[in-house]
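First the proteins, then the strands, lettered A, B, ... as listed; each starts at 1.
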Amino acid sequence: MNKLTALPPHTGNTSDPGPQIRASITEDLRRARAKLRMIMREVNNWHEVSSQSSLNIVAALYGIWLPIGASAGIERVVVVSKGHMAPALYAWLAAKGVIGDDELSTFAMPESRLQSHLDAGRLDTVVTNSTGSLGQGLSIANGIAFAAKVDGVRREVAVILGDGELDEGQVWEAAATASSLGLDNVVAVVDRNMIQHTGPTEAVKPKEPLASKWEAFGWYVMEVRNDAVDIAAALENLSHVKGKPKALIVRWEGGRW
Amino acid sequence: MVVIVSRASSYRRALGEALVEAGRLSKDVIVLDADTPNSTGTAAFARKYPGRFVNVGISEQDLVTTAAGLAIAGKVAVASAFAMFLMRAWEQIRNTIARDGLNVKLVGTHSGLQDFMDGASHQCLEDIALTRVLPGFTVLAPADAAATKAIVLDTVLNHPGPAYIRLGRDNAPTIYDEGEEFPIGGSKVLEDAGDVVIFSYGPMLGVSEEVAKELRRRGVLAGVVDLYSIKPADSATIVKQATKAGLVVTIEDHRVVGGIGSLVAEVLADTATPRKVLRVGVGEVFGASARSYEQLLQYMGLTPSRISSIIMGEVRWA
């Protein structure tokens, strides 16, 4: 049962965390975009759009949400489900100096830690799970979140999902499970970039009304525009929502890719 | 005295007992099921440790992947379902559990022909083939209730990493005494190889013992070896016992392709051990619904008398 009496506003509550954070994240993102272009030039723009649309989400989660959690004493975990956005994460890590340009240039090489899809066996300091097969991340996030409930520890788990990925039935199996177990320490961040492998999502297999679908599965839903600081602010707001798993739909408003 | 099937002996009841004991010994053990706890036996754990039990509903892909998440968080996740429907999640098992070497114990019940009533859709004849190809996986198939208890408890508590444990339903033979140990990578030579050696596992081990008796009545000495550890397999014992015998026989309630029919042939080929391998099991057909386990074994041609006759035909030719 939902124990909430008063829910935060349904959409648009994206109070600015401050001009300082906004300025520093903007600079990090500028460098990350340059790194991403560097990777893409070498691999014939492999899943380029997916990485481009995920970069703000990566910045929000790895650049703001995780550090805030660490300083506030909240254990926070990021699970990546749409593993083909790996270049966005690598570009971000390179922009932050976690990996060097030399290593970045080994992207997708057989011996590289930077596999085309995130590989936990090679990059276990950064990623929790190997990826490449879609539709599994939410189940993984649920497991990590449920373990915290069993142990009575405060842990929040964010999982990055693609919108095309929502075609996978397992996502909805997991959505029902999160709701049924009352996993209010799970937040699904949906990269609503409006495009999937064949073309526009609404032409391939319509996802809308997307917010209603998550709500029907017992989730608390927020929508936000694809901006790193706005996403981070929305995530902090969602952190206070109790009693339900939460979905943050990150809408691309930049027109067609 | 070996009993082929015993109403009193049950794989799933043994599973429930083993999990309760594992849960008592380690608070990190979490058990998951997909709406079949009463059928698989995990209900015993759910009653004892409700806070560490998850019923994800009828969603096996979510079942095994949620277990993966629990393992990532440091838990020992035991996911149980009918063997057939666990295999629905094979790609998740392969890409997440095997690839990341996660500490998830998959327990498939109702395997082989044990779910006689439910018919072809439920009779899983491919699970060993599908799991033994996975890098880093341990694959175990206990023959009776005592073996089930020992193997489940040992695997869950003492062997981190991915494992598949293949269980039947209720019709378990009674072969071992309580307290017998089953080390991973081992086997049990129940009777030393004679003219023939039979390799088997699971419920068909009871059938194999009956086959050996029947052969003895017909003047043929047959050894019986329990290959409960299918991966890693006890290759040394397979080669040693096969070398002693003139004819090697594998008996299983699984497809001979990919099962121990394949396993034994691979080991003998790799070691250049020149023996004919008579592979008894299920070929290019599916199961069927039946009123009893015995009736289904009869229909599938896997009764002791039928198998004995096939072996006698081979022995005469040899």
Side-chain angles (χ1 to χ4, degrees), chain A residues 75-81 83 115 117-124 127-153 155-159 168-183 185-186 217-218 245, chain B residues 23 26-35 45-46 49-79 81 85 88-106 134-136 161-162:
Chain A
E75 188 191 341
R76 284 178 166 172
V77 180
V78 178
V79 170
V80 177
S81 193
Q115 291 291 292
H117 293 92
L118 298 171
D119 190 315
R122 302 197 187 210
L123 206 59
D124 61 354
V127 296
T128 56
N129 55 291
S130 289
T131 64
S133 172
L134 294 172
Q136 300 191 37
L138 184 52
S139 299
I140 291 171
N142 287 346
I144 295 172
F146 183 72
K149 296 273 185 189
V150 170
D151 292 339
V153 300
R155 176 188 297 149
E156 297 178 351
V157 188
V159 51
E168 291 283 4
Q170 187 183 346
V171 174
W172 302 101
E173 293 183 2
T177 297
S179 167
S180 129
L181 295 176
L183 297 180
N185 51 347
V186 168
F217 275 76
Chain B
S26 168
K27 64 175 176 47
D28 285 332
V29 174
I30 311 262
V31 176
L32 304 95
D33 204 303
D35 202 32
F45 183 94
Y49 303 107
R52 286 193 270 145
F53 177 79
V54 183
N55 183 353
V56 298
I58 309 168
S59 46
E60 291 78 11
Q61 299 167 72
D62 187 43
L63 173 83
V64 306
T65 320
T66 305
L70 283 159
I72 288 169
K75 299 297 178 190
V76 188
V78 181
F85 306 118
R88 180 190 186 103
W90 184 86
E91 191 262 340
Q92 284 83 350
I93 295 170
R94 190 262 188 201
N95 269 326
T96 297
I97 295 172
R99 198 165 151 226
D100 286 348
L102 298 176
N103 194 13
V104 175
K105 310 307 179 197
L106 301 168
L134 297 172

Nearest non-hydrogen partners of [X] and [Y], listed with the distance:
X	Y	answer
A:Gly143	B:Leu70	O-CD2, 3.3 Å
A:Thr128	B:Asp100	O-OD2, 4.4 Å
A:Glu173	B:Asp62	OE1-N, 2.9 Å
B:Arg99	A:Leu118	NH2-O, 3.9 Å

**Item:** Enclosure of A:Arg155 CZ (heavy-atom neighbours >12, cutoff 6.0 Å)
**Value:** yes

Taking every non-hydrogen pair under 4.5 Å, which of [options] racks up the most with chain B?
options	answer
A:Ser139, A:Ala145, A:Gly137	A:Ser139
A:Val77, A:Val171, A:Val157, A:Asp119	A:Asp119
A:Gly135, A:Ser180, A:Ala174	A:Ala174

**Message:** To the closest 0.5 Å, what do you measure between CG (A:Leu134) and CG (B:Asn95)?
**Reply:** 10.5 Å

**Item:** Interface moiety of B:Val54 toward chain A, non-hydrogen atoms closer than 4.5 Å
**Value:** side chain

**Prompt:** If you tally heavy-atom pairs under 4.5 Å against chain A, which of B:Ser59, B:Gly74, B:Ala73, B:Ala77 wins?
**Reply:** B:Ser59

**Complete:** Most heavy-atom pairs under 4.5 Å with chain A, out of B:Leu63, B:Thr96, B:Leu102, belong to B:Thr96

**Request:** Output yes when A:Asp151 and B:Lys27 qualify as a salt bridge under the 4.0 Å nitrogen-oxygen rule, no when they do not.
**Result:** no

**Request:** Run the numbers on B:Thr66 and A:Phe146 for side-chain contact (heavy atoms from CB on, under 4.5 Å), then give the verdict.
**Result:** CA-CA 9 Å; B:Thr66 305; A:Phe146 183 72; 5.7 Å; no

**Request:** With a 4.5 angstrom heavy-atom cut-off, could you sort out which part of A:Leu181 is near chain B: side chain, backbone, both or neither?
**Result:** side chain

**Heavy-atom side-chain proximity of B:Gln92 to A:Gln170 below 4.5 angstrom** = yes

